[in-house]
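First comes the structure, then the notes that go with it.
Values reported hereafter were calculated over all heavy atoms of this structure, with side chains retained and with hydrogens, waters and symmetry mates removed.
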Amino acid sequence: QVHLVESGGGLVQAGDSLRLSCAASGRTFTSYIMAWFRQAPGKEREFVAAVTWSGDHTYYADPVKGRFTISRDNANGTVYLQMNNLKPEDTAVYFCAARRAAVITTGARNYEVWGQGTQVTVSS
């Protein structure tokens, strides 16, 4: 089992960039697909991006394609989400999640381990 802790959130202006980090502890980190989800007030948690254990394959939700990049450093047990050209609609709590499987899925219910979340606020 892995334990996840997110960091890097904050208050930025539209057009700015942020990089979120997710530190994972646990010996089996490389067995997990890692993903980022987000949840805005009054809305359901939604998929943002995911990366396979090798880092070779990634998948993005349409609203963030071309602006966000997910990556992982297995040696340091960390997953990153580089967010560029941020928009007010990106405002949400961002969660790191892990799924012990080989196939990326976008459903939140398929991820077994979750971090506590980090707030990202983008002002216009």
Is there a path from [X] to [Y] through hydrophobic residues (I, L, V, M, F, W, Y) whose side chains come within less than 4.5 Å of each other?
X	Y	value
Val48	Leu18	yes
Ile104	Val113	no
Val2	Tyr80	no
Val93	Val64	no

Specify the closest pair of heavy atoms between [X] and [Y], including all atoms of both residues, with the distance to one decimal.
X	Y	value
Cys22	Trp36	CB-CZ2, 3.7 Å
Gln82	Ser17	NE2-CB, 3.9 Å
Ser124	Pro88	CB-CG, 3.8 Å

Cation over ring face, Arg45 and Phe95, 6.0 Å, 45°: yes
Donor-acceptor pair between Glu89 and Thr91 side chains, under 3.5 angstrom: no
Is the side chain of [X] donor-acceptor paired with the backbone N or O of [Y] at a distance under 3.5 Å, no angle test?
X	Y	value
Glu6	Gly117	yes
Tyr32	Thr52	no
Asn74	Trp53	yes
Thr118	Gly9	yes
Asn76	Thr78	no

Exceeds 12 heavy-atom contacts within 6.0 angstrom, atom CD of Gln116: yes
Trace of the ring-ring contact (aromatic ring centres under 6.0 Å, His included) decision for Tyr60 with Phe47: CA-CA 8 Å; Tyr60 298 91; Phe47 173 82; 8.4 Å; no
Salt bridge or not between Arg99 and Glu112? Use side-chain N to carboxylate O under 4.0 Å. no
Do Lys65 and Asp62 meet the salt-bridge criterion of a basic N to acidic O distance under 4.0 Å? yes
Only one of Asn84, Leu20, Leu86 clears side chain to side chain contact (heavy atoms under 4.5 Å, CB included) with Phe68; which? Leu86
Hey, are the side chains of [X] and [Y] touching, using non-hydrogen atoms and a 4.5 Å cut-off?
X	Y	result
Tyr111	Thr105	yes
Tyr94	Met83	yes
Val103	His57	no
Met34	Ser71	no

Between Leu81 and Thr69, is the side-chain contact (heavy atoms from CB on, under 4.5 Å) condition met? List the steps. CA-CA 6 Å; Leu81 185 68; Thr69 302; over 6 Å; no
Measuring from atom CG of Asp16 to atom NZ of Lys87, what distance do you get when rounded to the nearest 0.5 angstrom? 14.0 Å
Passes side-chain contact (heavy atoms from CB on, under 4.5 Å), Asp90 versus Arg38? Steps please. CA-CA 9 Å; Asp90 294 319; Arg38 66 186 182 186; 2.9 Å; yes
